[in-house]
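The structure under discussion appears below in the form of structure tokens.
Quick note on labels: first sequence line is chain A, next is B, and so on, each numbered from 1.
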Protein chains: 2
Amino acid sequence: MKLGEGVEAAIHCAATLASVAGNSTMPGAALAESFGLSPSYLLKHLNQLTAARILESVPGPAGGYRLARAAERITLLDIVLAIEGREPAFRCGEIRRNGPVKLDASAYIKPCGVNAAMLWAESAYRAVLAETRLSDIVAEYAAEGDPRAFAASCAFVERHQRPQKSNPTKQTPARS
Amino acid sequence: MKLGEGVEAAIHCAATLASVAGNSTMPGAALAESFGLSPSYLLKHLNQLTAARILESVPGPAGGYRLARAAERITLLDIVLAIEGREPAFRCGEIRRNGPVKLDASAYIKPCGVNAAMLWAESAYRAVLAETRLSDIVAEYAAEGDPRAFAASCAFVERHQRPQKSNPTKQTPARS
DNA sequence: GATATCGTACTCGGATATGGGCTGTCCGAGTAACCACGG
DNA sequence: CCGTGGTTACTCGGACAGCCCATATCCGAGTACGATATC
């Protein structure tokens, strides 16, 4: 039970991108610099977010990343699942069947109670994450956070965002 | 976000030990055989449960493991924390401070909102696990599970449990 | 001066090494049962 | 027959390798911008 540290980076990057106006983009290198992370490694996580349709990428000079949809329609659950994978954390190996007494498969038609309990707990975890929108994170940061830090963040975004020629049709073209 | 498979083994073993009567014990080898697991490896997890005061171990011949307290007072959270560790899954690296603009530490007296949201979700996860007692798992298994599997499990326990001479004072003596 | 063409520089994307932790196994310390012996 | 000592065998506990995934990095494909040569 340990989340990769890429989750933290992904959430902070998404929150930063939420401050980018319109369809402007921000390069991954700028995001990495914003949090003191390795640019090459952060690209991997940003790529995962792009594959999950949370971010959009624009190649070429003046390219970068932006949110694929409004921050109100992105939840923390989306980001966590994009980074950590969609399968549940608890995987039932059905070890109850591996005992010395071999029973017919009809004895195990009922799902494993342990698995059900663990999955129920995890559904509660995911429900809370699903209730937290990215816009909530940004709003809480703007309201509760230190004004200096917020201003510095906004200035950094303003300095590194690259406006795009309005071409909303052709973006993130290929998907293998 | 992926739990080790030792959690599943630990829960099933604890549920099995809940069926052991009185202060009798059950060897780890029998528990491993009961689920088709490697005895040597299961010992590691049972040892963790013992260190967490969930199980008690009795050395020597006719020794083994038993629950340290009633199954009603053992929750799934206890077992999960004993195996996976007590620290939260999400570790905030405070990457918001690592940006190029160096601010005074007074700008970060407020806790990180991302960290708070993730920890809040995890507290919901743990709350559900804390509400599920080991006795609930056993009762659900006895009521909902297949009667044949339950009877086989009870017979296995009955065959492998070792009664102890009533000596409740001196058990699990040393703790380093 | 306007336009087509070429070169360049910047971006993302995937393929490639490395390290830590979970997995799996082994051997040693300790203890209670068992048995032999003596009283 | 009962008590005592030694042996034995069984248990747990911790120390030792192996493998897989997350981490970290690099290089290549693709694209828009800018300069340049031409009309």
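Atom-to-atom, CG of A:L3 to P of C:dC22 comes out at 14 Å; the value is rounded to the nearest Å. Counting to the nearest Å, the P atom of C:dC12 and the CG atom of A:L42 are 10 Å from each other. Atom CG of A:L43 and atom C1' of C:dC12 are 6 Å apart (whole Å). In this entry the distance linking CD of A:E84 with C1' of D:dA22 reads 9 Å, nearest Å. Atom CD in B:Q161 sits about 15 Å away from atom P in D:dT11, given to the nearest Å. Atom pair A:Y41:OH and D:dA24:P shows a separation of 6 Å (rounding to whole Å applied). If you measure from atom CG of B:L49 to atom P of D:dG14, you get 13 Å, rounded to the nearest angstrom. To the nearest angstrom, C1' of C:dC22 lies 10 Å from CD of B:Q48.
Remark on DNA chain C: of its neighbouring residues A:P27 and B:G60, the 5'-side contact belongs to A:P27, judged by nearest-heavy-atom nucleotide. Between A:A62 and B:A62, it is B:A62 whose nearest contact on DNA chain D lies nearer the 5' terminus. Both B:R162 and B:K44 lie close to DNA chain D; mapped to their nearest nucleotides by heavy-atom distance, the more 5′-ward contact belongs to B:R162.
Taking a cutoff of 4.0 Å between a charged side-chain nitrogen and a carboxylate oxygen, A:E56 and A:R66 qualify as a salt bridge.
With C:dA9, D:dT25, D:dG13 as the candidates, the nucleotide lying closest to the side chain of A:P61 is C:dA9. The side chain of A:K2 has C:dG21 as its nearest neighbour among D:dT23, C:dG21, D:dC21. Comparing D:dT25, D:dG14, C:dT23 by their closest approach to the side chain of A:S40 singles out D:dT25. If you check D:dG13, C:dT11, C:dG24 against the side chain of B:T50, the one that comes closest is D:dG13. Considering only the side chain of B:N47, D:dG14 comes nearest among C:dT25, C:dG14, D:dG14. Here the nucleotide nearest the side chain of A:H45, chosen from D:dG13, D:dT23, C:dC22, is D:dT23. Across D:dG14, C:dT25, D:dC12, the shortest atom-to-atom separation from the side chain of B:Y65 is found for D:dC12. Of the candidate nucleotides D:dT31, C:dG13, D:dT25, D:dT25 has the atom lying nearest to any side-chain atom of A:S38.
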Chi angles and distances behind the side chain to side chain contact (heavy atoms under 4.5 Å, CB included) call for B:F35, B:T16: CA-CA 10 Å; B:F35 297 110; B:T16 301; 3.3 Å; yes
- request: Apply side chain to side chain contact (heavy atoms under 4.5 Å, CB included) to the pair A:D146 and B:K110, showing each step before the final yes or no.
  value: CA-CA 8 Å; A:D146 189 271; B:K110 285 278 187 180; over 6 Å; no
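Checking B:R148 against A:S106 by side-chain atom types alone, a donor-acceptor pair falls below 3.5 Å. With no hydrogens or angles considered, a side-chain donor-acceptor pair links B:T25 and B:Q164 at under 3.5 Å.
Applying the 4.0 Å criterion to OP1 and OP2 of C:dG13, one finds that A:S57 has a side-chain N or O inside that range.
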